[in-house]
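Heads up, the thing below is written out as C-alpha cells.
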Amino acid sequence: PVRQRGAGARPVPAGVAGGLLRLSATLAGLVLLAGAANAASRTLVDPPDAWISGLGSRLERASELLHRRHNEILDEWDYETFPEVFEKPLAIPPSSWEIVVAKLRVEILLAGADPSAAFVVSFTGSSVTSGHDNVFHHAYPSVFNDTLRDIFDSLGVTFVTRNQALGNNPCVPYDLCLPTHAGQDADVVSWEQSMNCGRGASPVEAFLRSAYYMPSQPAVFMTMSGQPSWKPDKCTEKDVEDRKAKVANRKPKTTGRTQDWKQTAADSGSLMSVHFLGPRAKLAEIYEFLGLHVLNLFDSKISDYMCVPPFDKDFSMPDFGGVRHHPGVKQHRLRAHVQSVYYIQMIQQAVDEVKALGISNLESFQAALEDARNKLRQLQKVKLPKPQYCGKICPEAPPTCYTKHAPIVERHLEEIVRVSTGWKSMLFPADAGKVEMLAPGQGCTRGH
C-alpha cells in the first residue's frame with residue numbers, strides 16, 4: 001500500500017558491523033560530505049494531443065472522487081456529532097496552504113510532460129509513525145496513501161508515501177539528513193518526533209533548516225506523537241451510557257461539511273498550542289515560509305467522547321497489544337483521515353485552478369506549466385534566516401549523509417565502504433576529506 005519511487009528503502013546488509021562513519025565531526029553517526037548533489041533533472045516531453053483534450057474530463061473525475069472521499073471520511077467519524085475532531089487539531093497558515101497547492105498544481109500539469117510525475121510525501125518519526133504493535137498497512141502513512149491514491153491516479157500523478165520512521169531513533173543525526181532518509185524528491189516531509197525531542201526548539205529548528213536545503217524544498221508537516229488514549233476497561237457499561245447521554249445533549253458549533261476548510265485550518269490554534277513552535281520559540285512564525293503545518297490531536301477533544309462510538313473502548317487498541325504510547329488501529333486511521341480531509345481540499349483547489357486555465361493546445365499547456373513552476377519558485381524564494389536555537393547542530397549547507405541506518409532512500413553506507421568481517425577498505429568521493437571511525441553503537445541506536 002505504500003508505493004516508493006527510485007532506490008527505495010534498502011535493507012541493512014547482514015554482514016555490516018554496528019558502527020557508522022563520521023566526517024569532520026560535524027554530526028555523529030553519519031558520513032557528511034560538503035554540499036548535497038543536485039536533484040536529478042527531469043526530462044520533459046510534449047504531451048500528446050489526447051492528453052490535452054482529455055485533461056478536462058480527468059479533472060472532473062478527480063473532483064467527483066474528492067467530493068466522495070471527503071464525505072466518506074466524515075461519515076465514518078460521525079462528523080456532525082463530533083465536528084471539532086476535524087476542525088480543531090490541524091493548523092495550516094494561508095501561506096503554507098498555498099505552497100502545498102502550488103506543488104500539487106505543478107505535478108498535475110507535469111503529468112502531461114513527465115511520465116514519472118509524482119507527489120511524494122515522506123513520513124519521518126518514531127515508533128508511533130512506523131506503526132509499532134500494528135501490521136504495517138495499518139500505520140497512518142499507509143492509510144493516508146490508501147485514502148488518496150485513486151484520486152492522484154485519476155489525475156495521472158503517482159502518489160508516493162514513504163514511511164521512513166524508526167523506533168527509538170535519535171533526532172540527531174536522523175533529522176539532519178532528510179535527503180538520505182526521506183528522498184531528495186519529497187514534496188512534503190512529515191516530522192513526528194515530539195516524543196523523542198519535543199521538549200526544546202533546537203532539534204526542531206535543525207529539522208526545518210534541513211528541509212530548506214533539500215532540492216525540492218518540501219513543505220513541512222509536523223505532527224505531535226501523542227493523542228488521547230484509553231484502555232478498554234475504562235469503558236464500563238455505566239460510563240458508556242453516561243457519556244452517550246452527554247453527547248446526545250450537546251449542540252456543537254460548526255458551519256458544516258461545505259465550510260471554508262482553508263479558513264478553518266488558518267483559525268486552528270494547534271500551531272500555537274505546541275510549545276516549541278508557538279509563542280515562546282516563535283519557530284512557527286520564523287519558518288512559516290517552509291509550508292509549515294501542524295497536527296496536534298490533543299486539540300481534538302476526543303477524550304471528552306471516550307467510549308462513545310466511533311471512539312469506543314477499542315479505539316486505542318493496536319493489532320498486537322503493546323505499549324500505550326503506540327496508537328491503535330483506529331487511532332492511526334483517524335490521524336490519517338484528519339490530514340486527508342485538508343489535503344483533499346488543497347487538491348481540489350489545485351484541480352480548480354488548472355481547470356480555470358482552459359488548456360486547449362500545446363502552447364497553452366506550456367505556458368500554464370511554466371507559469372505554475374514560476375509561481376512555486378516565487379513562493380519558496382525566501383532567504384534562510386539566522387538560526388535561533390540549534391547552534392552547532394544547525395546545518396550550514398546541504399549535507400550529504402551516508403548511513404546504513406534504514407529506512408534509506410539513497411546514499412547507503414556501502415556505496416563508499418566495503419565490508420566483509422569488519423571494516424576492510426573505504427572508498428571515498430574526491431571531496432570526502434578526513435573520516436573518523438565510530439565504534440559500534442556510537443552515534444546510532446537500534447530501533448525498538
Side-chain angles (χ1 to χ4, degrees), residues 73 76-79 81-91 123-144 147 163 165-169 190-199 221-244 246-247 250 252 268-270 273-276 294-341 447-448:
I73 292 171
E76 179 175 337
W77 297 101
D78 195 359
Y79 166 75
T81 304
F82 309 105
E84 52 268 71
V85 172
F86 283 87
E87 294 177 5
K88 299 298 183 184
L90 205 154
F123 292 85
T124 71
S126 71
S127 56
V128 170
T129 296
S130 60
H132 285 206
D133 296 332
N134 296 279
V135 295
F136 187 71
H137 70 270
H138 284 162
Y140 70 87
S142 296
V143 180
F144 185 61
T147 303
N163 189 342
L166 59 151
N168 196 33
N169 62 324
S190 176
W191 177 96
E192 175 274 306
Q193 283 279 62
S194 62
M195 183 166 57
N196 292 331
C197 53
R199 295 171 179 81
F221 175 53
M222 310 199 84
T223 175
M224 302 304 102
S225 303
Q227 63 189 72
S229 182
W230 53 87
K231 295 180 179 180
D233 60 11
K234 293 292 184 181
C235 299
T236 66
E237 186 174 337
K238 185 179 185 305
D239 287 334
V240 172
E241 292 305 315
D242 288 347
R243 291 195 175 96
K244 281 184 177 180
K246 181 180 178 181
V247 167
R250 65 193 300 271
S268 169
S270 288
S273 70
V274 180
H275 71 275
F276 54 77
V294 175
L295 174 65
N296 183 4
L297 282 171
F298 280 111
D299 290 337
S300 65
K301 308 300 181 185
I302 297 172
S303 55
D304 292 349
Y305 325 124
M306 182 173 67
C307 308
V308 178
F311 313 105
D312 53 21
K313 67 177 183 178
D314 297 325
F315 176 69
S316 307
M317 292 300 296
D319 285 310
F320 309 113
V323 298
R324 188 175 179 182
H325 65 266
H326 291 159
V329 177
K330 292 181 180 179
Q331 288 175 308
H332 273 287
R333 191 166 179 82
L334 178 63
R335 189 180 286 253
H337 281 175
V338 172
Q339 183 180 358
S340 295
V341 160
H448 297 291

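We're numbering straight along the sequence, starting at 1. FYI, side chains are in, hydrogens and waters are out, and symmetry mates aren't considered; it's all heavy atoms of this structure.
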Between Tyr305 and Phe311, how do the two ring planes meet: parallel, tilted or perpendicular, split at 30° and 60°?
->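 If you compare the ring of Tyr305 with that of Phe311, the planes turn out tilted.
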
Is any side-chain heavy atom of [X] closer than 4.5 Å to a side-chain heavy atom of [Y]?
X      : Y      : result
Val338 : Glu87  : no
Leu90  : Ser268 : no
Val294 : Phe221 : no
Val247 : Thr81  : yes
Ile302 : Phe82  : no
Val341 : His337 : no

Indicate whether the side chain of Ser126 and that of Gln193 have a donor and an acceptor atom separated by less than 3.5 Å.
->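 The answer is no; no qualifying pair exists.
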
Compare every heavy atom of [Y] with every heavy atom of [X], then report the nearest pair and how far apart it is.
X      : Y      : answer
Pro310 : Trp77  : CG-CE3, 3.8 Å
Cys197 : Trp191 : SG-CZ2, 4.1 Å
Gly321 : Pro318 : O-CG, 3.1 Å
Ser225 : Ser194 : N-OG, 2.8 Å
Pro89  : Asp299 : CA-CB, 4.0 Å
Val143 : His137 : CG2-O, 4.0 Å

Could you give the distance from [atom1] ([X]) to [atom2] ([Y]), rounded to the nearest 0.5 Å?
X      : Y      : atom1 : atom2 : value
Met306 : Ser316 : CE    : OG    : 9.0 Å
Asp319 : His138 : CG    : NE2   : 5.0 Å
Ser270 : Phe298 : OG    : CZ    : 12.0 Å
Cys307 : Lys244 : SG    : NZ    : 10.5 Å
Glu84  : Asp304 : CD    : CG    : 8.0 Å
Arg333 : Asn134 : CZ    : CG    : 13.0 Å

Should Met224 and Leu297 be marked as a side chain to side chain contact (heavy atoms under 4.5 Å, CB included) after you check the CA-CA gap, both sets of side-chain angles, and the distance that decides it?
-> CA-CA 7 Å; Met224 302 304 102; Leu297 282 171; over 6 Å; no

Which of these passes side-chain hydrogen bond (donor to acceptor under 3.5 Å, both in side chains) with Ser127: His132, His326, Glu192?
-> His326

Centroid-centroid distance, Phe123 to Tyr140, less than 6.0 Å =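 They qualify: ring centres under 6.0 Å apart.
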
Between [X] and [Y], is there a side-chain N and carboxylate O pair less than 4.0 Å apart?
X      : Y      : result
Asp242 : Lys246 : no
Glu237 : Lys313 : no
Asp312 : Lys330 : yes

Please lay out, stage by stage, how Val308 and Val240 fare under the test side chain to side chain contact (heavy atoms under 4.5 Å, CB included).
-> CA-CA 6 Å; Val308 178; Val240 172; 5.7 Å; no

Evaluate the criterion side chain to side chain contact (heavy atoms under 4.5 Å, CB included) for residue pair Trp230 and Met317; output intermediate values, then yes/no.
-> CA-CA 9 Å; Trp230 53 87; Met317 292 300 296; over 6 Å; no

Check for a donor-acceptor pair, side chain of Thr147 on one end and backbone N or O of Ser340 on the other, with a separation under 3.5 Å.
-> no

So, Asp133 side chain and Val323 main chain: donor-acceptor pair closer than 3.5 Å or not?
->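 Checking the backbone N and O of Val323 against the side chain of Asp133, a donor-acceptor pair under 3.5 Å is found.
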
Stepwise side chain to side chain contact (heavy atoms under 4.5 Å, CB included) test for Val85 and Leu334 = CA-CA 9 Å; Val85 172; Leu334 178 63; 3.9 Å; yes

